[in-house]
Amino acid sequence: MRWFNRHSSFCHYIHTSTFSTANLKPNHQINTDRLTDQTTTLQNVVSWNRTISKCLRNSQIIKAQSLFDKMPVKDIVSYNTILSGLNQSKNPEKVCQVFLEMERAGLKPNEYTLSIILSAVLNTELKVLVPQIHARIICLALNASVFVGSALMKAYANAGDGVGLSKAFYEILNKDVTSWNALVSGYMELGCMHEAQKTFDTMPEKDVVSWTTLVNGYIRNKRIKKARSIFNKITGKNVISWTVMISGYVQSERFVDALKLFVLMVKSDTMPNKFTYSSVLDACAGCCSLLVGQQVHSSIMKFGIPEDVILSTSLVDMYAKCGDIDAAFYVFESMQRKNLASWNSMIGGYGRHGLGKRALEEFERMKKMGVKPDEVTFVNLLSACGHGGLVEEGEKHFDSMETKHGIQAEAEHYACMVDLYGRAGQLDKAEKLIKEMPFEGDVVIWGALLGGCGLHSNMKLGELAAEGISRLERHHPAVYSMLTKIHGENGAWNIVVKLRKMLNEKRVRKQKAGSWVESPFLEM
DNA sequence: CTAGGGTTAG
């Protein structure tokens with residue numbers, strides 16, 4: 001019976017489509033038309049897509065988006081292209097929104113789509129969705145893909161899920177060196193150095209990225225010496241390997257080591273890039289080496305490194321921290337594009353130089369340009385007021401933080417205000433502020449109070465501040481030297497002798513201080 | 001025409 005039916009319908013099919021001379025001509029005609037129609041639409045979509053991705057390459061995201069909205073027909077590549085653009089301009093909410101629009105339009109996501117989605121949820125609250133995205137990936141049978149797999153691994157590592165990380169790895173069908181590197185990197189991000197090292201040792205093949213990943217992992221886990229010893233073993237070091245190690249030294253505040261390594265890098269004929277230069281300038285700023293900073297600046301100009309916001313901000317910061325505020329301002333003014341960090345750096349620089357009024361002027365100019373201040377801006381601004389003796393201005397801006405700008409005052413801001421009152425000799429106001437704080441005082445806040453007491457030889461509050469610090473951190477060097485100073489000035493010599501004795505017994509060392517005069521000199 | 005691993009600033 002079944003055979004018969006099938007046969008009969010087959011006959012019917014043959015009869016109507018193939019053997020009916022009457023229907024052949026018009027059918028054929030219509031099919032060709034539809035085919036031509038589809039071909040032109042397809043070509044159209046591809047050319048639209050090409051135009052949109054060209055816009056994105058020139059970072060014209062607005063233009064790309066309006067083109068995307070105008071498209072008569074969108075395919076999966078159109079969506080992937082715009083999703084990738086939105087992802088690059090750090091707009092994860094919009095990525096998810098467009099992704100849902102795509103789903104509603106009935107288009108099925110592919111490997112590209114999911115790689116982008118996974119990259120978008122990194123470092124956002126949306127990363128809790130990673131296991132759900134993983135489930136979706138499995139339903140679409142994309143979990144065996146090397147691309148989706150490594151994107152998934154990175155997402156799991158970012159979400160702090162080690163089990164998810166290894167699961168995603170083992171689901172990849174043909175693991176390549178990139179997949180293995182993602183595993184090493186993921187374990188390192190989770191702080192599992194042993195697992196990472198074991199993975200590295202058992203990898204079927206290693207490239208320079210594998211080595212750099214390992215070095216970077218040890219740096220992230222504060223094992224700088226271990227990182228250096230592995231770095232030394234890399235045979236084909238490239239710019240990134242060098243930069244990772246240099247920036248590692250900067251992160252652990254070993255600025256001179258960073259500069260020495262930079263010299264070795266230049267000697268090894270590896271061309272630094274903007275990442276390298278940023279790190280090196282940070283090292284110069286860290287050890288107040290204006291001379292090396294100037295040399296690095298010249299080198300950036302000489303090699304024609306393209307204009308970059310982060311690089312220029314590093315320059316501004318380097319000059320400001322090395323004492324050349326005019327050069328800092330010159331670089332700052334020459335910047336084509338400035339962002340919040342650039343403004344913060346300039347305002348901080350003026351503050352450090354005691355130019356409170358200039359800091360306030362820049363703050364006003366920044367707001368006029370439409371740049372919204374953040375918590376860092378206020379730390380710099382309040383400390384500028386403190387260093388410039390602008391008590392009333394400081395108070396005004398401290399109060400405006402929450403009311404005008406919706407920024408909650410944190411410990412650092414309170415520390416700035418305590419410092420401001422302390423310097424101005426208004427220690428009663430400083431004490432009052434500490435008592436009114438919505439949280440417990442930290443070392444910085446008590447330290448600021450202690451500094452003010454030292455400046456104005458206030459024994460009673462100074463003891464209170466010293467107690468505050470000692471509760472949190474025993475034998476802090478600043479406490480001893482400051483108390484010694486205060487009591488000395490008040491003529492309480494018996495206490496001074498006692499403190500000096502304690503200082504020696506506990507082997508408390510005075511803190512190191514930097515100077516613009518004795519900055520390190522490096523032969524290039 | 002679109003996607004995966006290692007690098008920068010306040």
Side-chain angles (χ1 to χ4, degrees), chain A residues 43 45-57 75-85 87 109-120 142 145-155 157 168-169 172 175-186 188 207-217 219-220 234 238-248 250-251 272-283 285 305 308-318 320-321 338-349 373-377 379-380:
Chain A
Q43 278 170 352
V45 173
V46 172
S47 68
W48 278 90
N49 291 344
R50 244 196 281 268
T51 315
I52 292 173
S53 72
K54 204 177 275 177
C55 289
L56 291 173
R57 266 197 301 277
D75 69 355
I76 185 69
V77 181
S78 326
Y79 277 101
N80 291 341
T81 308
I82 200 71
L83 284 170
S84 159
N87 186 35
N110 64 13
E111 292 176 71
Y112 289 79
T113 324
L114 284 149
S115 303
I116 298 163
I117 299 296
L118 284 166
S119 152
L142 295 175
S145 146
V146 275
F147 284 95
V148 177
S150 40
L152 193 55
M153 288 164 71
K154 190 174 186 177
F169 175 72
I172 298 172
K175 300 167 185 65
D176 62 8
V177 65
T178 300
S179 323
W180 283 93
N181 290 342
L183 191 61
V184 174
S185 173
M188 280 299 195
D207 60 9
V208 65
V209 180
S210 323
W211 285 91
T212 310
T213 305
L214 195 68
V215 170
N216 194 36
I219 289 170
R220 280 198 285 185
I234 306 179
N238 63 15
V239 212
I240 303 183
S241 327
W242 286 99
T243 307
V244 163
M245 197 63 233
I246 291 170
S247 106
V250 175
Q251 281 162 44
N273 61 18
K274 59 179 181 178
F275 298 93
T276 324
Y277 281 120
S278 275
S279 304
V280 172
L281 287 168
D282 215 20
I305 304 291
D308 177 78
V309 196
I310 297 182
L311 184 57
S312 302
T313 303
S314 303
L315 269 172
V316 171
D317 197 55
M318 181 277 293
K321 284 184 177 153
K338 301 177 179 75
N339 64 15
L340 183 56
S342 329
W343 286 97
N344 287 347
S345 191
M346 195 65 240
I347 293 169
D374 69 352
E375 62 282 352
V376 180
T377 316
V379 169
N380 289 349

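Just so we're on the same page: letters track the sequence lines, and every chain starts at 1.
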Can you tell me if [X] and [Y] form a side-chain donor-acceptor pair at under 3.5 Å?
X	Y	result
A:S342	A:N339	yes
A:Q251	A:S247	yes
A:S314	A:D317	no
A:T213	A:N216	no

Contact check, side chains of A:S210 and A:V184, non-hydrogen atoms, under 4.5 Å: no
Which of the following nucleotides, [options], is nearest to the side chain of [X]?
X	options	result
A:S314	B:dG4, B:dA9, B:dG6	B:dA9
A:V46	B:dC1, B:dT2, B:dG10	B:dC1
A:V146	B:dG6, B:dA9, B:dG4	B:dG4
A:K321	B:dA3, B:dG10, B:dT7	B:dG10
A:T81	B:dG6, B:dT8, B:dT2	B:dT2
A:S185	B:dA3, B:dG6, B:dG10	B:dG6
A:A341	B:dG6, B:dG4, B:dG10	B:dG10
A:I310	B:dT8, B:dG4, B:dA3	B:dT8
A:S179	B:dG4, B:dT7, B:dG10	B:dG4

With a 4.0 Å cutoff (strictly under), does any side-chain N or O of [X] reach OP1 or OP2 of [N]?
X	N	answer
A:T313	B:dG10	no
A:S115	B:dG4	no
A:K154	B:dG6	yes
A:S84	B:dA3	yes

Quick check: any donor-acceptor pair below 3.5 Å linking the side-chain of [X] to the base of [N]?
X	N	result
A:T213	B:dG6	no
A:D308	B:dA9	no
A:N216	B:dG6	no
A:D176	B:dG4	yes

Rounded to whole Å, how long is the line connecting atom [atom1] of [X] with atom [atom2] of [N]?
X	N	atom1	atom2	result
A:N273	B:dG6	CG	P	16 Å
A:M188	B:dT7	CE	C1'	16 Å
A:I305	B:dA9	CD1	P	17 Å
A:L214	B:dT7	CG	P	13 Å
A:L315	B:dT8	CG	P	17 Å
A:W211	B:dG6	CH2	P	18 Å
A:N339	B:dA9	CG	P	13 Å
A:M318	B:dA9	CE	P	15 Å

For [X], which contact category applies under a 4.0 Å heavy-atom criterion: base, sugar-phosphate, or nothing?
X	value
A:V244	sugar-phosphate
A:L340	base
A:S145	nothing
A:N110	nothing
A:Q251	sugar-phosphate

- request: Compare the aromatic ring of A:F275 with the six-membered base ring of B:dT8 and state whether they stack according to the 5.5 Å and 30° rule.
  value: no
message: Ring centres within less than 5.5 Å and planes less than 30° apart: is that true of A:Y112 and B:dA3 in this structure?
response: yes
field: With A:N380 via side-chain hydrogen bond (donor to acceptor under 3.5 Å, both in side chains) - residues at least two apart
entry: none
- request: Please identify each residue that fulfils side-chain hydrogen bond (donor to acceptor under 3.5 Å, both in side chains) with A:S78, with sequence neighbours left out.
  value: A:N49, A:D75
